[in-house]
Amino acid sequence: MKYFPVFLDLEGKTVAFVGGGSAIAQKLRLIGKTSANLRVFAPTLDRETAFEVNALGAEHIAREVNAADVHGVALAYIALGDPEANLKAKALFEPAGILVNVIDQTEACDFITPAIVDRAPLTVAISSDARAPALSRHAKAIIDRVLPATVGTLGLLADDLRSDVKRLLPDGNQRRRFWDRIFGGSDL
């Protein structure tokens, strides 16, 4: 495993998007499901990206990104359509220790974005370590078909009951067995 899967809390944090094309629109749609602040740096936006910026209430800064723009950014996505321009933009974020995903330039990425099955609060992330994205999409499609849309409701119910279960079953092993029986006996 080259990439370690992790879920980031982006609440109140700023995610920068450098570029105005469809690759940025796709990432905006995905990150827009979080409560992150979305900031897009691009002199112009294509129609799809402009739609996402407006729909998500993202901030559009209609110019190229510069070194001063990295302050306060937690994560960045770059897609300028030119590998050299992408690397130049990435170099602005590196001194600040900001993790960057250079879309479609895996060798330049600090992280990759997995295929995601979203059944909030249950989220399944699928990765092929960026070696076979089509395989990840295929696995996502299978999980999408198998995991009912309503499974998120079960997760919300478990969250509501969690403190009561902890109070009634103070031993961690007992709680684990309880939840295993609850979820194991369900068809989700």
Side-chain angles (χ1 to χ4, degrees), residues 1-19 22-40 48-49 51-53 55-59 72-79 93 97-106 109-166 172 175-188:
M1 176 171 56
K2 180 176 179 181
Y3 295 95
F4 183 75
V6 64
F7 290 83
L8 300 174
D9 179 358
L10 294 176
E11 184 172 354
K13 296 190 173 95
T14 299
V15 178
F17 300 84
V18 180
S22 66
I24 292 295
Q26 292 170 2
K27 299 305 181 195
L28 277 167
R29 263 192 303 279
L30 188 60
I31 303 299
K33 293 179 179 185
T34 72
S35 59
N37 301 314
L38 311 173
R39 188 176 297 156
V40 181
E48 179 185 11
T49 306
F51 176 83
E52 294 301 334
V53 164
L56 296 167
E59 178 183 9
V73 170
L75 206 60
Y77 284 91
I78 299 171
F93 293 91
I98 297 163
L99 296 176
V100 177
N101 178 289
V102 182
I103 300 170
D104 291 333
Q105 240 175 298
T106 307
C109 290
D110 298 316
F111 70 95
I112 57 173
T113 304
I116 294 173
V117 176
D118 181 5
R119 301 290 192 271
L122 180 67
T123 305
V124 180
I126 304 128
S127 171
S128 64
D129 279 350
R131 295 170 189 226
L135 177 60
S136 295
R137 285 191 307 274
H138 179 70
K140 176 189 183 302
I142 292 169
I143 294 168
D144 246 339
R145 284 191 305 269
V146 172
L147 201 58
T150 56
V151 75
T153 304
L154 188 58
L156 294 171
L157 177 61
D159 184 45
D160 288 345
L161 297 173
R162 196 169 174 193
S163 61
D164 289 335
V165 170
K166 187 173 184 176
R175 275 196 313 278
R176 243 183 319 283
R177 284 192 301 274
F178 170 80
W179 289 118
D180 285 348
R181 278 193 310 268
I182 295 296
F183 295 127
S186 166
D187 288 336
L188 301 179

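Of all heavy-atom pairs spanning Leu10 and Ile31, the tightest one is CD1-CG2, 4.2 Å. Looking at every heavy atom in both residues, Phe183 comes nearest to Ala158 through CZ-CB, 3.7 Å. The minimum heavy-atom distance linking Ala25 with Thr49 is given by the pair CB-OG1, 3.5 Å. Contact record, Ala125 with Phe7: CB-CZ, 4.1 Å, taken as the closest heavy-atom pair. Nearest heavy atoms, Ala23 versus Ala79: CB-CB, 4.0 Å. Minimum heavy-atom separation, Val151 to Leu147: CG1-CG, 3.9 Å.
With Val73 as the fixed residue, the side-chain contact (heavy atoms from CB on, under 4.5 Å) test singles out one of Leu99, Ile98, Val100: Ile98.
Here the straight-line distance linking atom CZ of Phe178 with atom NZ of Lys166 works out to 15.0 Å at 0.5 Å rounding. Here the CD atom belonging to Glu48 is positioned 6.5 Å from the CD atom belonging to Gln26, to the nearest 0.5 angstrom. Interatomic distance, CG of Leu156 versus CG of Leu122, reported as 10.5 Å (0.5 Å rounding). From Lys13, atom NZ reaches atom CG of Leu38 across 14.0 Å, with rounding to the nearest 0.5 Å. To the nearest 0.5 angstrom, Arg176 atom CZ is 13.0 Å from Arg181 atom CZ. Taking NZ from Lys27 and CG from Leu30, the interatomic distance works out to 6.5 Å, rounded to the nearest 0.5 Å.
Within a 6.0 Å sphere centred on OH of Tyr3, other residues, nucleotides and ligands contribute more than 12 heavy atoms. Around CZ of Arg29, the count of heavy atoms belonging to other residues, nucleotides or ligands within 6.0 Å exceeds 12.
Side-chain contact between Phe93 and Asp110: absent, with no pair of heavy atoms (C-beta onward) separated by less than 4.5 Å. Side-chain atoms of Ile24 and Ile103, non-hydrogen and from C-beta on, do get closer than 4.5 Å to each other. Between Ile112 and Ser127, the closest side-chain pair of non-hydrogen atoms falls below 4.5 Å. Within the 4.5 Å cutoff, no side-chain heavy atoms of Ile126 are placed close to those of Pro114. Side-chain contact check for Arg175 versus Val165: some heavy-atom pair is nearer than 4.5 Å. Between Ile182 and Leu161, every side-chain heavy-atom pair lies at or beyond the 4.5 Å cut-off.
Formation of a donor-acceptor pair under 3.5 Å by the Arg119 side chain with backbone atoms of Asp144 is found in this model. Distance alone, capped at 3.5 Å, places no donor-acceptor pair between the Ser128 side chain and the Ser136 backbone. The backbone N or O of Thr123 lies less than 3.5 Å from no partner atom in the side chain of Asp118, so there is not a single donor-acceptor pair. Using modelled atom types, no side-chain atom of Asp129 and backbone atom of Arg131 make a donor-acceptor pair closer than 3.5 Å.
Aromatic rings of Phe111 and Tyr77 (six-membered ring for Trp) have centroids within the 6.0 Å cut-off, being under it.
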